[in-house]
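Structure first, commentary second.
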Amino acid sequence: MSKTLPKDFIFGGATAAYQAEGATQTDGKGRVAWDKYLADNYWYTAEPASDFYHRYLVDLKLSEEFGINGIRISIAWSRIFPNGFGEVNPKGVEFYHKLFAKCHEHHVEPFVTLHHFDTPEALHSKGDFLNRENIEHFVEYAAFCFKEFPEVNYWTTFNEIGPIGDGQYLVGKFPPGIKYDLAKVFQSHHNMMVAHAKAVKLYKDAGYPGEIGVVHALPTKYPFDPSDPADVYAAELEDIIHNKFILDATYLGHYSEKTLAGVQHILAANGNDKLDLRKEDFISLEEAKDLNDFLGINYYMSDWMQAFDGETEIVHNGKGQKGSSKYQIKGVGKRVAPADIEKTDWDWIIYPQGLYDQIMRVKNDYPNYKKIYITENGLGYKDEFVDGTVYDDGRIDYIKKHLEAIAAAITDGANVKGYFLWSLMDVFSWSNGYEKRYGLFYVDFETQERYPKKSAYWYRKVAKSQVIE
Ligand code: BGP
């Protein structure tokens with residue numbers, strides 16, 4: 001097995017504005033739907049998060065010291081446009097100029113996402129991306145940022161169009177908390193993909209010299225019993241919901257017949273609502289399909305699917321009580337883990353081979369993909385802080401195995417150029433709170449001090465040598 005990564009490989013760390021910055025009401029920032037939703041429904045809020053808004057210099061210095069040469073950062077849309085569009089907030093603009101300048105000063109390349117789950121409340125309350133007006137608002141916001149921030153060389157339009165639809169309209173754990181509405185899931189995926197395509201086209205037409213792409217979460221789906229055609233179909237349908245629909249939109253510029261047939265089957269089994277897919281949408285998708293400079297893949301887990309025709313029921317395990325989750329969708333399938341497979345406390349199945357398989361799937365099914373970054377991967381854990389650090393051998397093992405899977409995919413011809421560990425420092429988790437930690441740097445959320453974990457020292461060694469050991 002290959003243990004070496006290429007010389008120009010990026011060893012990055014990932015963050016997101018809302019999960020890291022804190023300062024949710026500072027310097028003219030507009031509200032986001034999460035502000036109220038977390039206060040009403042969860043046991044934590046986005047204050048103080050990791051106070052990145054005030055402490056980014058500490059994190060960038062640590063990054064440099066620990067051999068990290070890339071950082072995923074997102075811009076909070078509502079810091080720039082507090083109402084989603086219209087009047088610009090100069091303090092928000094200034095903050096990101098300062099932040100990007102410091103990234104470059106510390107040799108940490110910023111990979112900047114325009115939207116990481118945090119649509120301004122003013123637009124979210126009007127239906128978020130189910131409302132087509134949001135497409136134009138997003139494109140205007142993107143156009144503003146492209147022009148305003150020439151120091152950014154790598155742009156991502158959206159983080160995880162898939163989980164946004166699932167979180168908002170299937171599982172109901174993200175605002176507005178709607179459950180089991182699959183038509184809304186697909187409509188949100190579709191409208192966001194159109195917004196992505198339009199922003200990409202605009203960027204390329206304007207001749208900006210940087211790169212642009214999208215980040216998709218791509219959990220790999222396997223049939224529980226590969227010899228049972230019903231289980232095979234269940235895995236295919238589940239894959240359409242989470243992966244194939246948005247991958248087709250990204251790289252084919254339309255939905256394949258198989259994808260559309262699957263969508264129709266899923267909708268027929270779940271209320272039979274119609275989707276609003278317009279001719280002009282496909283013109284946009286088609287125009288952008290070969291313009292993506294890179295695909296970001298967020299990969300944490302795989303799932304095994306069994307055919308299922310009973311009532312839909314999804315239970316989210318948000319507190320890390322192993323075994324408390326449930327996922328079954330009528331006419332689609334039911335998640336059933338194979339015996340003896342490793343899981344996190346939040347029931348996420350650890351399966352590095354799934355990352356290899358997903359990368360190779362993109363390479364084989366979407367040969368116009370150009371380049372891949374693994375933009376998120378990591379282990380959520382209830383870290384134990386002892387001796388001023390965390391002995392997170394489990395996390396090291398997790399990262400190691402996933403880096404090996406990437407190296408294997410590169411050996412087999414996939415063009416993967418970097419890895420961003422989720423997360424750089426501890427941040428809070430959208431629907432799981434502050435107890436689920438992922439960072440290389442432990443954050444004491446009371447004092448906001450940072451403490452490198454054992455994994456940080458290990459990661460530095462790998463980044464320096466490019467050898468996974
Ligand atoms: C991805 C998101 C991240 C992050 C990560 C870990 O879906 O892009 O923002 O939260 O998953 O997930 P969680 O926080 O649910 O454990």
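Atom set for the values below is all heavy atoms of this structure, side chains included, hydrogens, waters and symmetry mates excluded. Numbering of ligands and ligand atoms starts at 1, following listing order.
At a 4.0 Å cut-off, not a single heavy atom of W346 sits close enough to ligand 1 to count as contact. The closest approach between a heavy atom of F428 and any atom of ligand 1 is not below 4.0 Å.
Those atoms of ligand 1 with a heavy atom of H116 less than 4.0 angstrom away are 2 (C), 3 (C), 8 (O), 9 (O). Those atoms of ligand 1 with a heavy atom of N159 less than 4.0 angstrom away are 8 (O). Taking a cut-off of under 4.0 Å to the non-hydrogen atoms of Y300, the atoms of ligand 1 that pass are 5 (C), 6 (C), 11 (O).
Of the protein's non-hydrogen atoms, the one nearest atom 15 (O) of ligand 1 is N432 ND2, 3.1 Å. Closest to atom 10 (O) of ligand 1, if we only count protein heavy atoms, is Q19 NE2, 3.1 Å. Nearest protein heavy-atom neighbour of atom 7 (O) of ligand 1: E160 OE1, 2.5 Å. With respect to atom 12 (O) of ligand 1, the closest heavy atom belonging to the protein is W348 CH2, 3.4 Å. Looking at atom 16 (O) of ligand 1, its nearest protein heavy atom turns out to be Y438 OH, 2.5 Å.
Both the backbone and the side chain of S429 come within 4.0 Å of ligand 1, counting heavy atoms alone. Neither the backbone nor the side chain of Y18 comes within 4.0 Å of ligand 1, counting heavy atoms alone.
Polar contact check, W430 against ligand 1: a nitrogen or oxygen pair lies under 3.5 Å apart.
Taking a cutoff of 4.0 Å between a charged side-chain nitrogen and a carboxylate oxygen, D426 and R437 qualify as a salt bridge. With respect to the salt-bridge test (charged N to carboxylate O, under 4.0 angstrom), the residues E65 and K61 do not qualify. Residues D59 and R55 are not paired through a salt bridge, judged by the lack of any N-O separation under 4.0 Å between the basic side chain and the carboxylate. The pair K221-E236 does not meet the salt-bridge criterion, since no charged nitrogen lies less than 4.0 angstrom from a carboxylate oxygen.
Of the residues listed (T250, N298, N159), the one engaging H216 in a side-chain hydrogen bond (donor to acceptor under 3.5 Å, both in side chains) is T250, and it is the only one. Exactly one residue among E211, K370, K371, H196 makes a side-chain contact (heavy atoms from CB on, under 4.5 Å) with N292. That residue is H196.
A cation-pi arrangement is present between R335 and Y327 under the rule of less than 6.0 angstrom and at most 45 degrees off the ring axis.
Under the ring pair (Phe, Tyr, Trp, His ring centres under 6.0 Å) criterion, Y44 pairs with Y42, F428, sequence neighbours left out.
The option from K436, E376, R437 that lies nearest to atom 2 (C) of ligand 1, judged by heavy atoms, is E376.
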Kindly list each side-chain donor-acceptor pair under 3.5 angstrom involving residues 162-178, sequence neighbours excluded, with atom names and distances?
| residue | atom | partner | partner atom | Å |
| --- | --- | --- | --- | --- |
| D166 | OD2 | H242 | ND1 | 2.9 |
| Q168 | OE1 | H124 | NE2 | 3.4 |
| Q168 | NE2 | D128 | OD2 | 3.3 |

